[in-house]
Amino acid sequence: MARPPALKLAEVLAEIRMSQSAFYRLRARGLAPRMVKLPNGELRCRRADLDAWWEACERDTPGWR
């Protein structure tokens with residue numbers, strides 16, 4: 001079974017509506033979604049990792065609905 005393509009950083013940023021600088025600040029603190037760094041230096045995010053990050057954010061936000 002083929003693996004779904006990983007999301008490019010620009011796609012992740014567009015989906016979570018965050019600037020690149022804010023994302024890198026989160027990443028430096030270990031709070032960003034799990035990313036895979038390719039040999040060419042580009043970052044990718046698996047859909048499952050992004051979805052798990054969203055769910056964790058929702059659990060950690062009281063009263064969010």
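FYI, side chains are in, hydrogens and waters are out, and symmetry mates aren't considered; it's all heavy atoms of this structure.
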Trainee: Do W53 and E58 come within less than 4.5 Å of each other through their side chains, counting heavy atoms only?
Mentor: no

Trainee: Assess the residue pair E15 and W54 against the criterion (side chain to side chain contact (heavy atoms under 4.5 Å, CB included)); give the C-alpha distance rounded to whole Å, side-chain angles, the decisive distance to 0.1 Å, and a yes or no.
Mentor: CA-CA 11 Å; E15 185 168 328; W54 269 122; 3.8 Å; yes

Trainee: Do I16 and V36 land in one hydrophobic cluster if side-chain heavy atoms of ILVMFWY residues count as linked below 4.5 Å?
Mentor: no

Trainee: Identify each donor-acceptor pair in which a side-chain atom of residues 17-25 lies under 3.5 Å from a protein atom, sequence neighbours left out, and give them as a table.
Mentor:
residue: S19; atom: OG; partner: S21; partner atom: OG; Å: 3.3
residue: S19; atom: OG; partner: A22; partner atom: N; Å: 3.1

Trainee: Decide yes or no on side chain to side chain contact (heavy atoms under 4.5 Å, CB included) for K8 and V12, but give the supporting numbers first.
Mentor: CA-CA 6 Å; K8 294 179 181 180; V12 172; over 6 Å; no

Trainee: How long is the gap from CE on M35 to CG on L7, to the nearest 0.5 Å?
Mentor: 8.5 Å

Trainee: Sequence neighbours excluded and cut-off under 3.5 Å, please list the side-chain donor-acceptor pairs for residues 39-46, or say none.
Mentor:
residue: N40; atom: OD1; partner: E42; partner atom: N; Å: 3.0
residue: E42; atom: OE1; partner: R44; partner atom: NH1; Å: 3.0
residue: E42; atom: OE1; partner: R44; partner atom: NH2; Å: 3.0

Trainee: Would you mind listing every salt bridge (Lys or Arg N to Asp or Glu O under 4.0 Å) that reaches into residues 26-36, with sequence neighbours excluded?
Mentor: R34-D49

